There are 2 protein chains.
Amino acid sequence: MSRQNDLFKKTVNQLLHNISLNMSLDDIIENDSAIAKQLEVSRSTARKTIEHLISLKVIIKQDSQRIIACLPTEQMYFDLQDVGPPKEEQVEKYFLDAILSGKIKPGDHFSELELARQSGCNTIAVREFLIRFSRFGLIEKEPRSQWQMKTFDRAFVDQLFEVRHLFEMHALSRFMSLDDHNPQWPKLQQLLDDHRTLKKHLATKFQDFSKLDQRFHDLLQAAYPNQFIHQFYEIISFVFHYHYQWDKGDERERNTVAINEHIEIISHMLLKDLMGATVSLERHLSTAKRSLLNTALYTKSSE
Amino acid sequence: MSRQNDLFKKTVNQLLHNISLNMSLDDIIENDSAIAKQLEVSRSTARKTIEHLISLKVIIKQDSQRIIACLPTEQMYFDLQDVGPPKEEQVEKYFLDAILSGKIKPGDHFSELELARQSGCNTIAVREFLIRFSRFGLIEKEPRSQWQMKTFDRAFVDQLFEVRHLFEMHALSRFMSLDDHNPQWPKLQQLLDDHRTLKKHLATKFQDFSKLDQRFHDLLQAAYPNQFIHQFYEIISFVFHYHYQWDKGDERERNTVAINEHIEIISHMLLKDLMGATVSLERHLSTAKRSLLNTALYTKSSE
DNA sequence: TAATTGATTTTTAATAATAAAAAACATATA
DNA sequence: TATATGTTTTTTATTATTAAAAATCAATTA
């Protein structure tokens with residue numbers, strides 16, 4: 001068996017849909033370059049699609065023009081139920097589920113084949129995902145397609161926060177050195193307002209906090225973007241996402257604390273009070289670390 | 001065609017070698033588990049190897065024992081000339097060569113297939129290498145197996161050194177906080193001595209400096225190892241290696257300057273003079289940055 | 001002669017196939 | 001009955017194959 005012609009099928013469905021929406025009997029369809037562009041595929045695929053519609057008699061050729069002969073019916077559409085999401089995402093989803101649900105525990109070994117079978121993908125897709133994922137430092141390759149889930153231990157958290165601390169403090173001091181007319185300042189003010197708004201509706205919308213959190217950290221970095229720091233933050237945010245997945249219990253309290261800490265930091269920043277902001281950030285980081293450690297330890301003991 | 005039985009051939013050669021070295025006619029060979037262990041292969045492979053030697057009449061079976069019937073001759077060995085190094089390394093070597101020699105220039109696009117053909121590997125090996133390599137931030141994946149070599153520009157160097165600066169200063173201050181009895185101190189003293197020794201023979205041995213450089217930075221980190229920082233240093237050392245490959249011209253002067261800077265830093269450290277060490281390290285980092293920028297710019301303009 | 005169409009070639013993505021190598025199992029021998 | 005040997009099954013790594021999709025080229029028409 002060779003690859004599936006999903007793109008072709010999807011394109012056929014798309015074109016049928018477009019016709020039934022926008023066209024009527026005897027309309028002339030556009031040239032195939034235009035259609036290709038519209039459907040965002042190559043002309044070859046567009047062409048094959050049109051030919052398919054000709055074979056379905058939806059389109060007929062008349063003196064070198066192609067016109068609509070009959071409007072699409074339900075049965076003409078391909079059933080794309082089984083196509084599913086890209087393999088890529090499929091492995092990712094399965095794998096993250098597996099570690100989040102504890103199916104794969106820290107220290108465990110697992111094989112590519114195993115994962116491929118369980119996630120319904122081929123081993124290559126799995127392996128490429130794992131190689132990409134390995135940069136997070138949570139898994140390690142071993143000989144013969146074996147991998148090991150590294151232990152998520154105290155040392156890992158310590159190291160993670162050591163770097164995070166360095167980066168955030170650095171980002172803070174750089175931000176504070178921006179001159180008064182820099183457009184980042186009004187953005188920071190806006191962010192503070194948004195924090196206050198959310199704080200009022202925290203009872204119901206406490207889950208919206210993660211977006212604010214993201215915005216805050218992005219804004220801090222935005223003044224002097226750095227790809228290496230950015231890369232590190234991907235790890236951070238994965239690890240947090242990874243851990244708090246389990247532990248939805250005290251999410252609300254956690255967010256309440258964090259939102260107040262953010263407000264404190266931002267307020268100091270807006271007052272150009274570097275010292276105060278530093279102290280607040282320091283506190284914020286240690287809260288975050290403590291909270292992560294709690295979750296991590298809780299998880300470990302519940303195995 | 002399916003995979004090559006290189007391991008089998010290699011094992012045959014190994015066993016033939018072992019026999020001609022250690023055994024003589026009519027000796028009894030060990031059981032196959034032992035041989036497998038010796039040759040570091042599975043018993044299946046060991047078995048197949050022994051059977052092959054039986055078919056070559058080097059070994060014959062005699063009442064459930066296997067004895068040496070004749071000693072190996074040259075012709076029995078497999079020719080492993082064409083086996084070559086693992087595909088993995090092959091791609092790596094080719095790819096690094098290509099970027100070092102300027103065949104692939106910053107900003108260039110290249111395809112997996114192209115690289116596979118040129119390096120004599122399959123596309124999968126290539127792709128996996130590229131995925132792994134991409135964590136250095138020097139290449140980026142694009143749709144349809146295309147990749148782009150990112151431009152090695154001023155911004156890249158700035159970002160690299162921004163992080164390096166943070167990490168080295170941090171490492172320095174942590175190191176300085178070690179108590180007097182910590183075993184790292186004598187190591188540092190030793191390193192200083194080695195620097196001084198090398199300095200005397202710098203005229204001839206200036207290339208040995210890179211080892212000292214490595215040792216110095218490793219020692220700084222060793223006090224508090226951190227996998228994220230370590231990961232970053234892999235990028236750093238790759239980038240340096242990558243760039244100085246071109247520019248062997250002033251290697252000697254560069255190393256002379258660097259060795260003096262190291263000596264200065266270490267001396268301050270041993271005197272527990274954090275301030276002095278910091279200043280020296282600051283200078284060392286800016287020399288390194290300037291030097292890298294020179295090389296990078298020189299390269300760019302010579303395209 | 002510019003734009004469209006038709007045909008061909010190249011490249012890419014995926015599975016299938018095959019053999020190597022490892023592991024598991026069963027048998028035999030001391 | 002423990003250990004070594006022989007056999008079978010499973011897993012892994014690599015190439016071949018196939019079709020999708022893109023890109024290129026050639027021809028045709030307006």
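Source: prediction; values computed, not measured. Convention: sequence-line order gives letters A, B, ...; per-chain numbering from 1.
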Protein-nucleotide distance ([X], atom [atom1]; [N], atom [atom2]), rounded to Å:
X: B:Q62; N: D:dT5; atom1: CD; atom2: C1'; answer: 17 Å
X: B:D6; N: D:dT15; atom1: CG; atom2: P; answer: 10 Å
X: B:E112; N: C:dA14; atom1: CD; atom2: P; answer: 11 Å
X: B:W147; N: C:dT11; atom1: CH2; atom2: C1'; answer: 17 Å
X: B:F8; N: C:dA22; atom1: CZ; atom2: P; answer: 13 Å

Ignoring the backbone of [X], work out which of [options] is nearest its side chain.
X: A:T45; options: D:dA22, D:dT5, D:dC25; answer: D:dA22
X: B:N5; options: C:dT5, C:dA20, D:dT5; answer: C:dA20
X: B:L7; options: D:dG6, C:dA22, D:dT24; answer: C:dA22

Can you check whether [X] has a side-chain N or O nearer than 4.0 Å to OP1 or OP2 of [N]?
X: B:R43; N: C:dA21; value: no
X: A:K48; N: D:dA21; value: no
X: B:K37; N: D:dA4; value: no
X: A:K61; N: C:dG6; value: yes

**Study point:** Nearest non-hydrogen partners of B:A34 and B:N31, listed with the distance
**Key:**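 For B:A34 and B:N31, the tightest heavy-atom pair comes out as N-OD1, 2.8 Å.
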Revision key, fill the gap. Smallest heavy-atom separation, B:L16 atom then B:P72 atom, equals O-CG, 3.5 Å
Exercise for review: Could you say whether B:V41 or B:S111 is positioned toward the 5' end of DNA chain C, judged by the nucleotide with the nearest heavy atom to each?
Suggested key: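 With B:V41 and B:S111 compared, the 5'-side residue is B:S111.
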Exercise for review: Check whether the ring centres of B:Y94 and B:F129 lie less than 6.0 Å apart, and answer yes or no.
Suggested key: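 No, ring centres 6.0 Å or more apart.
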Review point. Does B:S44 make a side-chain donor-acceptor contact with the base of C:dA23, cut-off 3.5 Å?
Key: yes
Review point. Would you say the side chain of A:S42 and the base of D:dA23 hold a donor-acceptor pair, judged only by whether the two atoms sit under 3.5 Å apart?
Key: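 Such a pair does not exist between side chain and base.
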Practice item. Could you tell me whether B:H230 atom NE2 has more than 12 heavy atoms of other residues or ligands within 6.0 Å of it? Key: no
